[in-house]
There are 2 protein chains.
Amino acid sequence: MIVSADRPSVTPPLPPLTAPVEDYLKAIYELESRQGSATTSDVAEALAVAPASVTGMVRRLAAQGYLDHVPYRGAQLTDAGRRAALRTIRRHRILESYLSGILGYPWDRVHDEAEQLEHAASDELIERMAAALGFPTVDPHGAPIPTADGTVEERAHRSLADWPTGEPALMARVSDKDAALLRYLADIGLQPGTEVTVLHRAPFDGPLTLRIGTADVMVGPRVASQVLVAAPTPLRPPDAC
Amino acid sequence: MIVSADRPSVTPPLPPLTAPVEDYLKAIYELESRQGSATTSDVAEALAVAPASVTGMVRRLAAQGYLDHVPYRGAQLTDAGRRAALRTIRRHRILESYLSGILGYPWDRVHDEAEQLEHAASDELIERMAAALGFPTVDPHGAPIPTADGTVEERAHRSLADWPTGEPALMARVSDKDAALLRYLADIGLQPGTEVTVLHRAPFDGPLTLRIGTADVMVGPRVASQVLVAAPTPLRPPDAC
DNA sequence: CGGCGTGTTTAGGCTCGCCTAACTTAGGGT
DNA sequence: ACCCTAAGTTAGGCGAGCCTAAACACGCCG
């Protein structure tokens, strides 16, 4: 009798995402926004997984509507995929902010912890943490925190390596993934919000001399290229009020 | 040549426990300490899993030295198993305390959240939370928090259902698993540390009249049997100092 | 002492994520 | 225009955890 009372094509209850799936979507999102597209091997490298595994997962995610996949031609997140990715990124960054701001974690150790917790924490927990922090808009590394409804304001920062000599800048952002670099930056007193000036640039891609506060320090070009900066006190454009 | 350079019998690197394994050990520990032993079907029910699955997992855990298993006769935790279980229980109870004490969770919702987080949180996170709480010894439901080196002080409390009429008692503990009961207890103002007196006990297993603070409330015998109490102000025995 | 029911275990199978090895495809170089 | 390589995909397999169905052991009761 009852033949097709409810067929599965109208999005069945939609199971909660597993941790690996969240990781794939997050990685693909980040690769897409960093380099426009995400290749199978990029994703494989980012997740420390064999390329064949990525192919398999991408097929699944495409079947579930999280991305569009043309074999041999790459994949692109759909709206649903992007929303899912941003949700995970929001959780990650709020967790990082909480660990650093409330629990006193050093900023080089928040990433790994958040990576685990982002898959386990409930929405309620995340929102309580956000509230305890006063709803921050950037995480401890300067990365913007997506809103709960899935939007991010990505600012286009310039690398300290390109910033003109002599002009003061505000340290704005650095990747959260390289713990050793973060320890080094903490050591020389460079964190988001710190004012920094390039005093001198040695030729042939040599070290830069920076003024941070009252101290002068020399850093290699690899470090400088990782540090993103902005113009100081970007005074609010006088529009509202 | 190199024949048995390192054989696997001397505890190989010992992989970190998976979430299901932690759940099994915790459940077995709790059943053992509540009723002396844990049967296959008890565990199956506690974990909402088929009995056959328990048999399989128990075999694995026995092979890894976490418990001794005599087929058809039941299983018993080894020292290693007990230590692992207590580690998970410690994490669970610290998480519950933190969620309730610092993040303002109502006590009926901390259990589920802690259940997820206990498998994801690092030791460092747990210890930072414990420190933020001032190293509590009991969780919000009155359950003792095992120490990091794997010992618990289980106090033998009496049920409020058995407590003599007219003698004041201190509410000491209640299970964290029944959210509806917890909401009800919060509602009538009964939480660990609250003073409570049984004013009257209706015959034939009828409701009890309690005095809590200045209010009198009637509770069913099922509720009373779940609430564990202790003698008030158990003044420290005058030994040290 | 034998049968029987409850509870446990075995047998066989499934999904999810991952792997390696073998293949196909796209697209640049000659 | 063709070939060759690098990248991507398919094929086949594995372990962890779970399931159902069928076989089996224990111990109680007649």
Side-chain angles (χ1 to χ4, degrees), chain A residues 8 12-28 31-32 35-76 81 84 88 115-116 118-120, chain B residues 8 12-28 31-32 35-76 81 84 88 115-116 118-120:
Chain A
L14 232 289
L17 300 182
T18 63
V21 166
E22 290 183 339
D23 284 337
Y24 273 90
L25 292 174
K26 189 170 61 146
I28 293 170
L31 288 166
E32 261 187 20
Q35 43 187 257
S37 75
T39 71
T40 298
S41 30
D42 283 344
V43 177
E45 168 159 18
L47 298 178
V49 132
S53 306
V54 175
T55 301
M57 181 61 90
V58 160
R59 249 172 23 84
R60 274 182 48 204
L61 296 179
Q64 288 172 32
Y66 291 113
L67 38 79
D68 297 320
H69 183 217
V70 185
Y72 293 103
R73 283 301 183 68
Q76 270 216 300
T88 305
E115 202 83 56
Q116 299 304 325
E118 69 193 11
H119 307 301
Chain B
L14 232 289
L17 301 182
T18 63
V21 165
E22 289 183 340
D23 285 337
Y24 273 91
L25 292 174
K26 190 172 59 147
I28 293 169
L31 288 166
E32 261 186 21
Q35 45 186 251
S37 75
T39 71
T40 298
S41 28
D42 284 344
V43 178
E45 168 158 17
L47 298 179
V49 132
S53 306
V54 176
T55 302
M57 180 62 90
V58 159
R59 248 171 24 81
R60 273 181 50 202
L61 295 179
Q64 289 172 31
Y66 291 112
L67 39 81
D68 297 320
H69 183 220
V70 185
Y72 292 100
R73 284 304 183 69
Q76 272 218 297
T88 305
E115 202 82 51
Q116 299 303 121
E118 70 193 10
H119 308 300

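Convention: sequence-line order gives letters A, B, ...; per-chain numbering from 1. Worth knowing before you read on, the calculation uses all heavy atoms, side chains too, and leaves out hydrogens, waters and symmetry mates.
Looking at B:M57 and B:L25, their side chains never come closer than 4.5 Å, going by heavy atoms from C-beta outward. When side chains are defined from C-beta on, A:L31 counts as touching A:V43, because their heavy atoms get closer than 4.5 Å. Side chains of A:Y24 and A:V58 form no contact here, defined as non-hydrogen atoms less than 4.5 Å apart.
For DNA chain D, the outermost nucleotides in 5' to 3' order that have an atom under 4.0 Å from a heavy atom of chain B are D:dA16 to D:dG27.
For A:E22, the side-chain hydrogen bond (donor to acceptor under 3.5 Å, both in side chains) criterion is met by A:H119, not counting sequence neighbours. Residues forming a side chain to side chain contact (heavy atoms under 4.5 Å, CB included) with B:A52 (at least two apart in sequence, or on another chain): none. Under the rule for a side-chain hydrogen bond (donor to acceptor under 3.5 Å, both in side chains), the partners of B:T39 that lie at least two apart in sequence or sit in another chain are B:D42. For B:T55, the side chain to side chain contact (heavy atoms under 4.5 Å, CB included) test picks out B:T40, with sequence neighbours left out. Listed by chain and number, the residues in a salt bridge (charged side-chain N to carboxylate O under 4.0 Å, His left out) with B:E32 are B:R82 (sequence neighbours excluded). Applying the side chain to side chain contact (heavy atoms under 4.5 Å, CB included) rule to A:R73 yields the partners A:V70; only residues at least two apart in sequence or on another chain are considered. B:H69 meets the side-chain hydrogen bond (donor to acceptor under 3.5 Å, both in side chains) test with no other residue; sequence neighbours excluded. For B:S37, there are no side chain to side chain contact (heavy atoms under 4.5 Å, CB included) partners at least two apart in sequence or on another chain.
An end-to-end axis angle of 20° holds for the helix from C:dC1-D:dG30 to C:dT30-D:dA1, taken from five base pairs per end and rounded to 10°.
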* To do: Between protein and nucleotides 21-29 of chain C, map the contacts as a letter string: B base, S sugar-phosphate only, - none, heavy atoms under 4.0 Å, written 5' to 3'.
  => B--BSSS--
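Note: A:L17 CG to A:Y66 OH = 4.5 Å, rounded to the nearest 0.5 Å.
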Polar atom pairs (N or O), protein with nucleotides 13-18 of chain C, under 3.5 Å:
residue, atom, partner, partner atom, Å
C:dG17, OP1, A:T18, OG1, 2.5
C:dG17, OP2, A:R60, NH1, 2.1
C:dG17, OP2, A:R60, NH2, 2.3
C:dC18, OP2, A:Y24, OH, 3.2

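The residue B:T55 sits close to a base: some heavy atom pair falls under 4.0 Å.
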